[in-house]
Amino acid sequence: AGVRRLTVDDGGPAGRARRWMQSRVRSGECKVKQRKTRSSDKHEEGAEHPGLGQGRLEGLMTASGVRWGVVGLGMAACGSGPQAVEVAKPPATARMVAVTGAVVPNVVELYGKVYPELIRPSGSGATDANAAVATIAGKPTGVDNIIDRTEMSSSNTRVGVRGQEKVGHDLKAIFQLETQFQVDDLGTKFAGRNSFVGLSGRNWGTVKLGRMDTPFKRYGNDVSFLGVGSGNFVSASSVLRKTGFGTNSASSFHLRRPNAVQYESPVWGGVDFAVQYSTDEADTATRKPHVWSAGIEYARGPFIVSVGHEIHWDLFGASRNVPSSMSNYKDPGVRSKDKATEVMLEYKLGPHTFEADWIRKQYDENPTVVGRIESYTNNAYQLIWSARWTKAWRTQLQYIKAMKGSCSRVEAVCNTDGLDGSQLQFGFPHYFSKRTYLFAIGAILRNGFSARYNNEDLQDPAVGEDITQYAVGLSHAF
């Protein structure tokens with residue numbers, strides 16, 4: 001379609017593609033406007049972008065508008081109209097990107113990220129066994145559960161295969177199979193992460209079927225914690241998107257859903273959105289467990305604002321976490337409707353990125369038995385400051401706070417005293433390249449005297465127990 005393609009020798013990120021782009025920017029032919037990729041896990045510079053490979057997505061302002069390309073791993077693009085230039089690695093590495101509206105022919109790509117770390121957790125301050133706690137909290141023991149020891153974790157280390165095939169004018173078939181693997185141990189489950197097949201068109205958007213993160217998860221918490229937050233103790237989801245009582249993940253609004261169909265819109269004037277429906281395939285005569293999730297984002301210059309909303313039917317986020325005497329989960333006549341709304345604001349100022357998130361979670365059920373749980377509601381927020389001081393050094397500071405909330409039971413008293421929690425975390429990476437860096441991170445989680453927020457992967461805290469964790473690790477993306 002008139003697109004000129006240049007082949008770039010395998011020389012890493014500092015190869016010919018980058019020099020080519022830099023020369024165009026210096027000459028004034030193009031102006032570079034940075035924009036983050038929308039990753040399947042987190043959103044950050046250098047994050048994976050299905051079908052595009054890894055690298056930073058940048059807008060190249062030309063006379064006829066913005067054209068997008070991926071740079072950072074030997075890829076770049078500049079120009080406009082049918083004479084735009086596309087730069088790619090040799091076909092053997094399958095690293096290409098379409099930036100002109102023409103559909104790239106068949107592409108298959110192997111990618112992944114590995115980030116093992118050595119962790120030192122410790123616990124303290126478990127609530128006394130005789131202390132009064134919230135009505136819906138577990139029974140305190142007065143004994144700390146978290147053992148002070150050295151652990152190794154590979155978090156959400158993963159490897160994947162993804163690709164695309166041109167099937168028509170401005171239409172391509174896409175697929176992705178992503179697998180988490182334990183580089184420090186066994187436990188791999190093939191295609192257990194974001195895995196799907198779909199159709200995508202530049203003008204009408206993308207439809208996917210498979211197992212995927214919900215839009216609610218993707219459109220909030222945009223600034224990943226140094227690229228190692230997914231599945232890690234520095235993930236904000238432990239306090240921000242769950243309840244502080246019980247240990248069952250049914251209360252979570254940070255999901256990767258099976259049996260899902262999803263629509264993702266193109267970007268129209270800086271606005272894009274996504275909608276997803278998923279089912280548990282466990283319907284009964286009275287229950288139909290399924291999830292609706294949606295998110296919308298507007299980006300303009302240094303500002304990004306997004307809103308997400310999600311509804312869980314018959315997942316029983318409250319009942320599966322309260323004491324059994326208050327639970328409705330085994331009562332077939334009771335249904336549940338849990339929902340959450342989030343708002344995210346992000347602003348970039350030079351090398352600094354600031355983000356603020358607010359979320360409201362509400363868990364509702366319709367029991368008739370006296371003493372059973374009817375509802376629980378709470379609000380939470382987080383504040384993030386990320387700074388890139390040099391090409392090699394970066395810092396990040398993050399604070400998450402969950403309120404105690406409120407609850408109700410059928411014709412019975414319900415109090416939530418002590419169900420609040422907070423998490424303060426910090427990190428210092430040193431980059432050898434855009435794909436490889438050492439990192440040191442830490443997190444201090446404080447539970448209210450009735451709460452059991454937990455960011456420890458291998459151990460569960462006692463009621464009221466605080467958790468402190470530090471880690472050092474190495475991250476490499478390919």
CA sep, side-chain torsions, deciding dist, call: Ser319, Glu365, side chain to side chain donor-acceptor pair (under 3.5 Å): CA-CA 8 Å; Ser319 273; Glu365 301 176 15; 2.5 Å; yes
Going by salt bridge (Lys or Arg N to Asp or Glu O under 4.0 Å), name the residues that satisfy it together with Glu342, two or more places apart in sequence or in a different chain.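 By the salt bridge (Lys or Arg N to Asp or Glu O under 4.0 Å) rule, Glu342 matches Arg241.
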Sequence-distant partners of Asp280, salt bridge (Lys or Arg N to Asp or Glu O under 4.0 Å), two or more places apart: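 Asp280: salt bridge (Lys or Arg N to Asp or Glu O under 4.0 Å) contacts with Arg257.
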Derivation and outcome, side chain to side chain donor-acceptor pair (under 3.5 Å), residues Asn221 and Asp357: CA-CA 7 Å; Asn221 191 27; Asp357 296 74; over 6 Å; no
Looking at side-chain heavy atoms only, is the closest gap between [X] and [Y] below 4.5 Å?
X      : Y      : value
Arg452 : Asp460 : yes
Gln423 : Tyr453 : no
Trp389 : Pro351 : no
Tyr399 : Gln382 : no
Thr243 : Asn378 : no
Leu177 : Arg162 : no
Asp338 : Trp313 : no
Tyr219 : Ile304 : no

Name all residues meeting the ring pair (Phe, Tyr, Trp, His ring centres under 6.0 Å) criterion together with Tyr376; count only those two or more places apart in sequence or in a different chain, and write none if there are none.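 Listed in chain order: Phe245.
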What pairs with Phe303 under ring pair (Phe, Tyr, Trp, His ring centres under 6.0 Å), at least two apart in sequence or on another chain?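 Once residues adjacent in sequence are excluded, the partners of Phe303 under the ring pair (Phe, Tyr, Trp, His ring centres under 6.0 Å) criterion are Tyr347.
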Run Glu117 and Asn232 through side chain to side chain donor-acceptor pair (under 3.5 Å) and show every step you take. CA-CA 10 Å; Glu117 61 189 14; Asn232 205 321; 3.1 Å; yes
Atom OH of residue position Tyr329 - does it have more than 12 heavy atoms of other residues, nucleotides or ligands inside 6.0 Å?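 Counting neighbours around OH of Tyr329, 12 or fewer heavy atoms of other residues, nucleotides or ligands fall under 6.0 Å, so no.
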Mind jotting down which residue pairs meet the salt bridge (Lys or Arg N to Asp or Glu O under 4.0 Å) criterion with at least one end in residues 285-294? Sequence neighbours excluded, please.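 The answer is none; no pair qualifies.
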Salt bridge (Lys or Arg N to Asp or Glu O under 4.0 Å) contacts in which one or both residues fall within residues 227-236, not counting sequence neighbours: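 Non-adjacent pairs meeting salt bridge (Lys or Arg N to Asp or Glu O under 4.0 Å): zero.
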Pick from Leu445, Ile441, Ile467: which one makes a side chain to side chain contact (heavy atoms under 4.5 Å, CB included) with Phe233?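 Option passing the side chain to side chain contact (heavy atoms under 4.5 Å, CB included) with Phe233: Ile441.
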Taking only Lys NZ, Arg NE, NH1 and NH2, and the carboxylate oxygens of Asp or Glu, determine whether Arg256 and Asp213 approach each other closer than 4.0 Å.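 Result for this pair is yes, salt bridge flagged.
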Any luck finding a side-chain donor-acceptor pair between Arg335 and Asn366 under 3.5 Å?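 Looking only at side-chain atoms, Asn366 and Arg335 do not form any donor-acceptor pair under 3.5 Å.
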Taking atom types as modelled, find out whether Asn455 and Ser238 have a side-chain donor-acceptor pair closer than 3.5 angstrom.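 Result is no, nothing qualifies.
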What residues, two or more places apart in sequence or in another chain, satisfy side-chain contact (heavy atoms from CB on, under 4.5 Å) together with [X]?
X      : result
Thr436 : Phe432, Ser433, Leu474, His476
Asn248 : Ala250, Arg320, Asn321
Ala440 : Val472
Pro429 : Leu226, Arg394, Tyr431, Tyr437, Phe439

Could you check Gln180 against Thr157 for side chain to side chain donor-acceptor pair (under 3.5 Å), going step by step and ending with a plain yes or no? CA-CA 6 Å; Gln180 179 180 350; Thr157 288; over 6 Å; no
Tell me, please, which residues at least two apart from Lys242 pass side chain to side chain donor-acceptor pair (under 3.5 Å).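 If we apply the side chain to side chain donor-acceptor pair (under 3.5 Å) test to Lys242, skipping adjacent residues, there are no hits.
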Run the ring-centre check on His290 versus Tyr277 and record whether the distance is less than 6.0 Å.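 Judged by ring-centre distance (under 6.0 Å), His290 and Tyr277 do meet the cut-off.
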I'd like to know whether Asp364 forms a salt bridge (Lys or Arg N to Asp or Glu O under 4.0 Å) with Lys337, so could you lay out the CA-CA distance, the side-chain angles of the two residues, the decisive distance to 0.1 Å, and finally the verdict. CA-CA 5 Å; Asp364 294 314; Lys337 182 180 180 182; over 6 Å; no
Intermediate values then yes/no, side chain to side chain contact (heavy atoms under 4.5 Å, CB included), Val234 and Gln398: CA-CA 9 Å; Val234 290; Gln398 187 167 349; over 6 Å; no
Please report, to 0.1 Å, the donor-acceptor pairs under 3.5 Å made by any side chain of residues 261-269, with sequence neighbours excluded.
residue	atom	partner	partner atom	Å
Gln262	OE1	Gln276	NE2	2.6
Gln262	NE2	Glu264	OE2	2.7
Tyr263	OH	Trp204	O	2.7
Glu264	OE2	Lys208	NZ	3.0
Ser265	OG	Phe273	N	2.9
Ser265	OG	Phe273	O	3.4

